[in-house]
Structures are given as C-alpha cells and as structure tokens.
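Quick note on labels: first sequence line is chain A, next is B, and so on, each numbered from 1. Side chains included, hydrogens not; waters and symmetry mates left out as well; all remaining heavy atoms used.
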Amino acid sequence: MRQRFEGQMKPLFQRGPSITLRLLILILLSVAMMTADHRGARLEPLRAGLTLLISPLHYLVNLPFDAGGWLSGVFTSRNSLLRDNSRLQKEHLALMAQMQRYEALEVENQRLRELLQSSVKVGGRTSVAEIISVDLDPFKRQIVLNRGTRDGVTLGQPLLDARGVLGQIVHASLYTSSALLITDPTHALPVQVLRNGLRGIAFGSGSSNRLDLPYLANNADIQVGDLLVSSGLDGRFPPDYPVGKVVSVKLDPSEPFAKVSAEPSAGLERNREVLLYWFEPGTAGNGSAAVSP
Amino acid sequence: MTQKQRQSWVIIASFVAALLLTLLPLPDVLAAARPAWMAMTLIYWCLALPGRIGVGGAWAAGLLLDAAQGALLGQHALSFALIAYSATRLHLGIRQLPLLQQAAAVAVLILFLDQMLGFWIKGMSQQAPWSWSYWLATPASMMIWPAMYLTLRHMRRRYRLA
C-alpha cells in the first residue's frame with residue numbers, strides 16, 4: 001500500500017520547481033491576468049481563443065433546445081400555421097401602412113434639417129442573431145449569441161430587439177459572442193425622456209425588469225409613464241431607440257436626487273432572436289468614448 | 001494505450017462532462033444553487049490520483065471555466081490552483097474519511113477557495129453578487145458529492161486507473 005502511494009506521488013517532487021513554488025508563480029500570474037482583464041480589453045485575444053475552444057460545448061448544450069424547437073415545428077398543426085399566417089399578414093399590412101407615413105416623415109425631417117443646416121441622421125444596418133441557451137454566471141446579466149467576429153461582430157456593438165435596446169457585446173470570438181444586458185448592475189446607458197428631452201443615465205439593477213436612474217434632481221420633470229429613449233451621447237448606441245418606461249418616481253426632499261426606476265422595453269429574458277446593430281459608415285458615433293460596461 | 005494516456009483521457013472526459021453540466025441552462029430559481037461541478041471533479045482527481053493533475057493543470061482548467069462563464073480571466077484559475085494544492089496536500093487525510101465527512105471537507109474547500117475567494121475578487125472588480133443565494137453553491141456541492149464520488153470512482157475502476 002505504502003509503495004503504491006509513493007509511486008503515485010513521485011511526479012510531484014521529482015521534476016521542475018516544487019509544487020509550492022509553482023503555486024506561487026500561478027497565483028502571481030492569475031492576479032496579473034485579472035488586473036489586465038479588469039483594466040481594459042488587453043486579454044481579449046486570449047479570451048477569444050479560449051472561447052473558440054469551448055464554443056463546441058456551447059452548441060452541444062444548446063442542441064436539445066434547438067431539437068425541441070425543430071420538433072415542435074414539425075408537429076405544428078396546419079390550422080395553427082394558417083392562423084399564424086393570417087395574423088402575421090394583418091400585422092404586416094398594418095406595419096406597412098405605418099411605414100408609408102414614417103417614410104414621408106423621415107424625408108420631411110431630413111429636408112427641415114437641411115434647411116436648418118444641422119447634421120443629417122442616417123440609419124444603421126441590423127442583422128438577426130440567435131441566443132444560445134447556456135447558463136453563465138447567474139449574478140451577471142449576460143447572453144451568448146451564435147454570431148462572432150466571423151460575422152462582423154465587434155466589441156461594444158449595440159444589441160436591440162423588436163421593442164428596444166437590449167445590451168452590448170462585451171466578448172467576441174470567432175463563432176460566438178457574449179453580450180451584457182442593460183439590466184446588469186455594471187451597465188450604464190445614457191437616456192433621454194422622449195416627452196421633454198431630459199437627459200439621464202439608466203443603470204442596470206440586477207433584476208431583469210428594472211433600470212435605475214439615480215442622478216436626476218428632485219425637481220426634474222419626469223413622470224410615471226414617460227418613455228425613455230437612448231440619447232446616443234455615448235457614441236455607442238444609436239439614438240432614439242426605446243429603452244424603458246418610467247414605473248416609479250420617489251421624491252424625498254432630504255435627498256439630493258429623486259429615486260426613479262424604469263421597466264425595460266426590450267424583451268430581456270423572453271425572446272430568442274435579437275438584432276445586432278451596425279452604424280452605417282459616415283454616421284456619428286463610431287468608436288468614440290463610451291460608457292464602459 | 002498506456003496507463004498514463006488512459007488516465008489523461010478519462011480525466012479530460014470527466015472535466016468536459018463537468019463543464020457541460022456547468023453550462024446547462026437551469027431555471028432561474030436553481031441557477032444559483034448549481035453545484036461547483038468543475039471544482040468537485042478537480043478535488044476528486046486530486047484525492048484519487050494525487051499529483052496527476054497538479055497545480056498547472058488545475059489552473060488551466062480554471063482558465064477554461066473563466067472563459068466559458070464570462071468571468072474575470074484568472075478568477076477560477078486562481079481558486080482551482082489553490083484547491084489542487086490543498087487537496088493534494090491533504091489527500092491522505094480526506095481520503096480515509098467516511099463519505100459524509102468527506103463531503104463536509106470538500107464543502108469547506110469549495111466554500112473558502114472557490115466561493116469566498118470568488119466573492120472577494122468580484123467585489124474588488126465591482127461585480128459583487130447582489131443576493132445571498134450566491135452561497136447556495138456550497139451546500140449544493142456538499143449534497144451532490146457522495147453521488148459524484150461514487151460515479152467517478154466507478155469510472156476510475158472501470159478504466160482501471162490506479
């Protein structure tokens with residue numbers, strides 16, 4: 001018995017530096033890496049490489065969910081498909097009608113802006129990405145997407161869904177990328193009240209249905225029900241996309257700031273498809289300083 | 001295949017399985033109480049084949065977990081290196097304990113070297129968890145340890161790893 005233990009333990013002490021010395025070196029290395037990772041994106045290439053190594057596992061974990069979706073697609077009844085189809089047709093028609101008006105308004109807006117000689121706003125380009133269902137750290141609001149640098153994803157790229165701003169890309173590898181949601185406590189997003197143009201910053205709260213606006217003065221003109229839109233001042237998010245609706249305003253005269261919280265517009269933990277947003281070249285706000293996640 | 005290669009394959013396979021279990025989506029209520037699969041796998045191999053993984057290998061496994069979970073690069077790497085060191089040093093003591101006491105010892109390792117260290121690092125990088133349920137991973141790991149130990153031991157014996 002003793003001989004077996006000794007036989008097993010040999011490689012520990014035979015070659016190279018002692019285990020304690022190795023541990024010390026690794027501790028120093030870890031601390032250096034954490035500092036570099038925290039103080040900027042210097043380790044992004046290393047992370048991208050490691051993530052590439054792991055992305056097969058991400059897809060593997062996602063497989064049963066994909067298969068479930070596929071199966072339910074195969075076994076959908078003809079009736080429900082027909083129902084869906086007619087509902088979508090109606091929706092499409094209504095949206096098209098709205099679109100016509102919108103296009104006319106946009107042309108008019110552009111003409112007026114030219115008259116005022118102010119800068120012309122140009123739209124961006126979007127592309128659909130799918131959320132891969134894997135669990136990351138439960139105390140971080142993060143999602144993994146099935147698009148990576150191969151598809152043109154870049155760090156800091158805004159993420160939208162059909163109803164509003166969702167978050168931004170924080171890590172991108174070749175085939176997958178991960179995004180920080182606007183509800184993460186480390187995320188801050190410059191917003192504007194649509195009604196009167198009042199500016200503020202929306203911080204994530206950690207819970208999936210609340211944003212906090214901590215730096216609004218007690219006498220600021222903000223009401224329950226106000227729509228918050230992105231202001232675009234960060235140079236990272238496109239302006240005028242809905243962010244959330246104010247759900248509570250608490251005024252306490254003894255505090256310097258009002259306690260305002262809002263409910264995000266985007267379906268943060270509901271939908272599987274999200275939109276990646278690219279600024280068209282020539283528009284304001286590529287790469288300038290932004291609120292870091 | 002030599003004994004050494006066989007060891008490597010079985011150990012790598014067990015780590016891949018642990019990583020899959022770590023990534024598997026759980027409902028929100030259970031997500032915080034997910035056992036520390038990777039750390040437990042590491043502890044098992046450090047107890048069963050002391051010195052086979054070593055601090056360097058443990059560190060690399062932790063780094064992969066960091067990348068997989070989107071944590072600060074180096075957080076789990078650091079705690080895994082410490083866990084491997086302690087478990088290897090203490091393996092004679094822990095290995096002879098009855099299964100339940102062994103689970104308690106494993107829970108202590110995970111609580112101090114994985115969870116507390118992680119909490120501290122996250123706190124320093126302004127990402128401290130906002131709910132007490134963060135600590136549920138330790139009791140969850142403790143409860144699952146006996147089953148995990150028996151499964152991995154069965155695997156080790158089946159592939160005749162000394």
- Message: salt bridge (Lys or Arg N to Asp or Glu O under 4.0 Å) for B/Asp66 and A/Arg47? Distances and angles first, verdict last.
- Response: CA-CA 9 Å; B/Asp66 283 330; A/Arg47 189 188 283 275; over 6 Å; no
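Using a 4.5 Å heavy-atom cutoff, the side chains of B/Leu73 and A/Met34 are not in contact. Residues B/Leu82 and A/Leu26 form no side-chain contact, since every pair of their non-hydrogen atoms from C-beta on lies 4.5 Å or further apart.
Ranked by heavy-atom pairs under 4.5 Å with chain B, the list A/Leu43, A/Thr20, A/Ile27, A/Leu60 is led by A/Thr20. With chain B as the partner, the residue from A/Thr51, A/Leu23, A/Val134, A/Leu136 showing the most heavy-atom pairs under 4.5 Å is A/Leu23. Among the candidates A/Ala48, A/Ala32, A/Ser55, A/Gly206, the residue making the largest number of heavy-atom pairs closer than 4.5 Å to chain B is A/Gly206.
The parts of B/Leu24 that come within reach of chain A are both its backbone and its side chain, each placing non-hydrogen atoms under 4.5 angstrom from that chain. Contacts between B/Ala31 and chain A at a heavy-atom distance below 4.5 Å involve backbone atoms as well as side-chain atoms. For B/Leu63, the parts lying under 4.5 angstrom from a heavy atom of chain A are both the backbone and the side chain. B/Thr22 touches chain A through its backbone: at least one of N, CA, C or O sits under 4.5 Å from a heavy atom, while the side chain does not.
The minimum heavy-atom distance between A/Pro138 and B/Ala32, with the atom names listed, is CG-CA, 4.1 Å. Of all heavy-atom pairs between B/Leu64 and A/Ile54, the closest is O-CD1, 3.1 Å. The shortest non-hydrogen separation linking B/Ala77 to A/Ser30 is C-OG, 4.4 Å.
Side chain of A/Asp137 to backbone of B/Gln69: no donor-acceptor contact under 3.5 angstrom is found. Between the side chain of A/Asp135 and the main chain of B/Leu26, a donor-acceptor pair closer than 3.5 Å is present.
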